[in-house]
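Here is the structure we will look at.
Below, chains carry the letters A, B, ... as their sequence lines are ordered, and counting in each starts from 1. Computed from a prediction, not measured in an experiment: that's the story for all the values here.
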Amino acid sequence: MTETVMETTLPRSPNRARRLERWLPLWLTGPAAVFFLVLLGMPLLMTLALSFYTFDYTAGIEKTLTFTNYAEVLFDGYFHEIFLRTYAISLVTTVLCVLLGAPEAYILYRMRNPWRSIFLLVTLGPLLISVVVRTLGWVLLIGGNGLLSQLLQGLGLAGSRGVSLMYTHTGVVIAMVHVLVPFMVISVWASLRKVDLSTGDAALSLGAKPFTVMRRVIFPQVLPGVLSGSLIVFALTASYFATPSIIGGRRLKVVATSVYDEYLSTMNWPLGASISIVLLLLNVIIVMSYSRWVERRFRRTLGEG
Amino acid sequence: MSFLTLDSLTKRYGDTTAVDALDLSIERGEFVSLLGPSGCGKTTTLQMIAGFALPSAGRIVMDGRDMTDLAPNARGFGIVFQSYALFPHMTVTENVGFGLEMRKIAAPERRRRIRQALALVRLDHLNDRYPRELSGGQRQRVALARALVIEPPLLLLDEPLSNLDAKLREEMQLELRNIQRNVGTTTLMVTHDQGEALSMSDRVVVMDQGRAMQIAEPFRAYEEPADIFVSTFVGKTNLLEGQVAAGDNGQPCVDLVGQRLDLSGAGVVGAGPVRVSIRPERLEMTACRQGLVDGKVQTRQFVGDHWLYQIDTPVGLLLATCPNCGPAGFDVGDEVGVRWTPDSMRLLQDRPRTTLSVGGVS
Amino acid sequence: MSVDSRRNGRLALAFHTLFVIFLMAPLVVVILVAFTPKGYLSYPTAGFSLRWFREILERPDFIDAFYHSLNLGIVAATLATLLSIPAALALARFRFAGREFLNGLFLSPLMIPHIVLGVAFLRFFSEIGIGGTFASLVFAHVIIVMPYTLRLVLAAVMGLDRETERAAVSLGANPLTSFRRITLPQMLPGVAGGWMLAFITSFDELTMTVFVASPSNTTLPVKMYNYIEQTIDPLLASVSTVIIVLTVAFMLVLDRFYGLDRVLSGKG
């Protein structure tokens, strides 16, 4: 159909039309393509190069080819711990986001207007509010003399020194779930919108109980949304900076904060560059293989369209 | 000298031929329909005339002027699209005025003609509505007004009524035809609905696989279908197998259970099986053994103005209709006779569908 | 027994209530603390005070950062939108060599962690000598917001009824007029939605901007992050409250205009 489509807007002469058809898309995408190739391609290539340079506290960065940075990132126990912690936090956060976000999306979907629109706004709105602000809220909540601590003290569950979740895995995970769970809700919501709710009625008419309807009929249909939401949450958590940095601090370093420290405190840019390249590659590998797995597993039943 | 001439118009997409050397002449003021199943090339033909698709070969000539390579915006044809294609961000007035604006017609004149066009389609009270605030029928009228207001030499209708529900469609068929008669614009309509084509057009072009199978007035296309495809696509029919035999005077004829159709004029030579079409309303149901063939009523359907019977007979399953004049005369399971007159039989040739020639009767 | 699969049970509503409390608690706490009359982090148990909002006016560094963020968001979102419109038209309507590659290229910033983009831009901009300038911030932000504008503009182009363009042409419009009068106005909601999502993304961005901002060209999130690194006092809460109020207002406009769930389906 593309042939007829293009002829609509193009001049009559077949030759001119064909010429325009060849060059027009290049002119249209040209500005953005050049912009991206220069301002995204170059920086990434330069960082890749940087990751092979050496660094010396007195001499600074030297343009020599070395693999010592990668050796350090890949074989040093210090970095193993950081990478392991990062992905452990990501996994727990993802699981919690599924457990909280998927049911919430379903509940929202079954609401009626105006409640549905109001709570959709309440649930998705935080995505637009600055992460720094949201994380600050958690600092005020779970910090040394935060509301949580005062609540527990009031209930006699905590001593006079209070309870602080700052600089703990629990604190980081709670705040991360809060920051990212809207992504899960929106993802599940998007696939719920494609679900024909009368399939649920059909199951009821065949004698299924409401919980069975949700488990056997609705959930399988929104699984693609859960899976893509999980991927988004996992990938974002793995490279998240603001929340782990503010709540985890220097004590609970994750990959992103260690890159920040290499660049802006230690000033060892080559090492920081190699950490970020490793992070980028791991993220790409995880996203790609996960997508391929999902694709292969669900192509027949739940493919798009 | 006809007004619009399509001269062996052809459109190929790669290896497939969408429209295959179509010849058609349309007179000034005529209403012609392109009728066929989806994929028969009727829409592609319309698009080539509109200028949205370039013909691979052939010419489009209007009023002596070759339009084949003219840009679509220079043709000046009025088009009513299947989706109506109303501009959603413009009011009814703005939609109808768009073509006049493109022609740089001064505002007072423009207002006058918009008012006139909207009055023609009886929508003068909805000037400031947006398309999404209109019903399907109203949108259809706006689309028609928008196409007619530019006073086009040719009006192209692409399945104009297919988005309307059945009742509204029938109303609009009448109204559309009335408006076309009043304005006198030469009109070409594309449709897959044979009822629509038959009831609205001066002539129909029945198309299949990119070719015109028959170009005729509606009554002729129905009564004298050119081939098996036309006979089955235009209306319902009974297709029966008959044998060519020698008649009383030595002329060839078809013998169908004793009823003979003279083939002297048809140019058929030799003997062999042929196909004969008899329309359901031409079959008369009688008591058993009083018709040409006996059978058993298999189903009976009530369709409002008539009854529809399926009768199992030795010559095959026959479809017969009886006008509804009181309760049905026959019931499922009844043994009945069926008869028909010789002049209701039509000899049909199955045209070769591919370039492969089918061997003649030996 | 009335069984209705389309209604929420009591358990579901309890879950929902807890979920909403979880989502709202940190924001409510921030707003409460902002009204404290005390000089340290505390809840306004003894009455509300606006002293920490007045304090903002005494801090030109925060106000400057706010304006920088505002300018940056507007310029970056506008540039990204201007690049997206032709690109989306080409991607949606032509089949050409390199189409898949370009589509992937324009959406790739979604896959690349912002921390990686940050260090890459830091190196690149300082090497070519524009490190810390407003222009460098704009370039970096256009890269990260363009996937959002592109997606929404692309959706707008794809959702367009191509027959309206044919109708315009059949009524005598030339291709340019048809684009200007018919195509563009119909794309407008998508373009505006994309611009707004891009603006808010740019306005909130921290991770990457931390690396490319300089003391003279800093954004509000970066300013706040650096402040938190030093100390946490009620000033942060009052600034945050202002941000929350502005964002909610912005969000309502966006929701009215385009539908928040539609916009955000494009995010992430």
Side-chain angles (χ1 to χ4, degrees), chain A residues 2 8-9 25 28-29 31-33 35-36 39-40 42-44 46-47 50 100 103-104 107 110 120-122 124-134 136-141 147 183 186 189-190 197 200-201 204 210 213 232 239 241-242 246 256 259 263 272-273 276 279-280 283 287, chain C residues 3 5-8 12 15-16 19-20 22-23 25-27 29-30 33 41 83 86-87 89-90 93-96 102 105-106 111-113 115-116 119-121 123-124 127 139 143 162 165-166 169 175 200 204 206-207 221 224-225 228 232 236 240 243-244 247 251 255 260-261 264-265 268:
Chain A
T2 37
T8 318
T9 47
L28 290 174
T29 49
F35 194 96
F36 267 65
L39 286 157
L40 182 61
M42 290 286 289
L44 288 176
M46 285 171 74
T47 300
L50 185 64
L100 292 178
E104 176 62 15
I107 292 169
R110 293 200 302 183
L120 195 64
L121 221 58
V122 166
L124 303 183
L127 273 185
L128 299 182
I129 292 171
S130 173
V131 175
V132 183
V133 172
R134 284 187 277 164
L136 176 71
W138 282 107
V139 173
L140 300 180
L141 268 174
L147 205 58
F183 283 111
I186 187 73
W189 171 263
L197 264 196
D201 293 343
L204 280 181
V213 170
I232 293 168
S239 59
F241 170 71
I246 292 171
V259 170
Y263 266 84
S276 28
L279 175 68
L280 176 61
N283 252 32
V287 169
Chain C
V3 178
S5 68
R6 300 190 189 184
R7 295 201 71 159
N8 290 307
F15 177 90
H16 172 71
F19 185 87
V20 171
F22 171 70
L23 272 186
L27 302 176
V29 163
V30 166
V33 170
L41 286 177
L83 290 174
L89 282 167
R93 298 197 166 173
F94 293 88
R95 301 279 170 275
F96 54 98
L102 286 176
L105 179 68
F106 297 148
M111 276 252 282
I112 306 171
I115 189 96
V116 176
V119 301
F121 287 136
R123 171 75 173 165
F124 178 70
E127 285 286 293
F139 291 150
I143 295 281
R162 296 293 311 261
E165 293 173 357
R166 292 185 165 198
V169 169
I200 197 76
D204 289 346
L206 169 72
T207 312
M224 290 177 70
Y225 175 77
I228 289 176
I232 298 180
L236 278 169
S240 296
I243 294 178
I244 292 171
T247 311
M251 188 176 84
D255 186 52
L260 202 60
D261 57 329
L264 292 174
S265 299

So what's closer than 4.5 Å to chain C heavy atoms on [X]: side chain, backbone, both or neither?
X        : answer
A:Val287 : side chain
A:Pro31  : both
A:Ala256 : both
A:Leu44  : both

Exercise for the section: Report the relative orientation of the aromatic rings in C:Phe106 and A:Phe36; use parallel for angles under 30°, tilted for 30 to 60°, perpendicular for over 60°. Expected result: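 Because their plane-to-plane angle is over 60°, the rings of C:Phe106 and A:Phe36 count as perpendicular.
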Handout entry: Aromatic ring pairing C:Phe22/A:Trp138, orientation class (parallel under 30°, perpendicular over 60°, tilted between)
Key =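 It falls in the tilted class, 30° to 60°.
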Considering all heavy atoms of both residues, which atom of [X] and which atom of [Y] are nearest to each other, and what is their separation?
X        : Y        : answer
A:Ile107 : C:Ala12  : CD1-O, 3.3 Å
A:Gly137 : C:Val30  : CA-CG2, 3.3 Å
A:Leu100 : C:Phe15  : O-CZ, 3.5 Å
C:Pro113 : A:Asn283 : CG-ND2, 3.7 Å
C:Leu83  : A:Ala32  : CD2-N, 3.8 Å
A:Val132 : C:Leu206 : CG2-CD2, 3.8 Å

Handout entry: Heavy atoms from other residues, nucleotides or ligands near CE of A:Met46 exceed 12 (cutoff 6.0 Å)
Key =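 Atom CE in A:Met46 is crowded, with more than 12 foreign heavy atoms closer than 6.0 Å.
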Hey, what do you get for [atom1] ([X]) to [atom2] ([Y]), rounding to the nearest 0.5 Å?
X        : Y        : atom1 : atom2 : answer
A:Ile246 : C:Ile228 : CD1   : CD1   : 4.0 Å
A:Leu28  : C:Leu102 : CG    : CG    : 11.5 Å
A:Thr29  : C:Leu89  : OG1   : CG    : 11.0 Å
C:Leu23  : A:Arg134 : CG    : CZ    : 9.0 Å
A:Leu40  : C:Ile112 : CG    : CD1   : 4.5 Å
C:Leu27  : A:Leu141 : CG    : CG    : 9.5 Å

So for [X], is it side chain, backbone, both, or neither that comes closer than 4.5 Å to the heavy atoms of chain A?
X        : answer
C:Phe121 : both
C:Val116 : both
C:Thr247 : side chain
C:Val119 : both
C:Ile243 : side chain

Handout entry: Top contributor to chain A contacts, counting heavy-atom pairs under 4.5 Å, from C:Ile143, C:Leu105, C:Leu236, C:Thr207
Key =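 Of the candidates given, the most pairs with chain A belong to C:Ile143.
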Handout entry: Heavy-atom pairs under 4.5 Å with chain C, option from A:Leu279, A:Val259, A:Val131, A:Leu140 with the top count
Key =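 Highest number of heavy-atom pairs under 4.5 Å: A:Leu140.
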Practice task
Find the one option among A:Val122, A:Leu121, A:Val139 whose heavy-atom pairs under 4.5 Å with chain C are most numerous.
Solution key: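 Of the candidates given, the most pairs with chain C belong to A:Leu121.
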Handout entry: Beyond-backbone contact of A:Thr47 with C:Phe124, side-chain heavy atoms, under 4.5 angstrom
Key =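 With C-beta onward as the side chain, the pair stays apart.
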Exercise for the section: Start with the C-alpha distance between A:Leu124 and C:Met251, add both sets of side-chain angles, then the distance that settles side chain to side chain contact (heavy atoms under 4.5 Å, CB included), and finish with yes or no. Expected result: CA-CA 10 Å; A:Leu124 303 183; C:Met251 188 176 84; over 6 Å; no
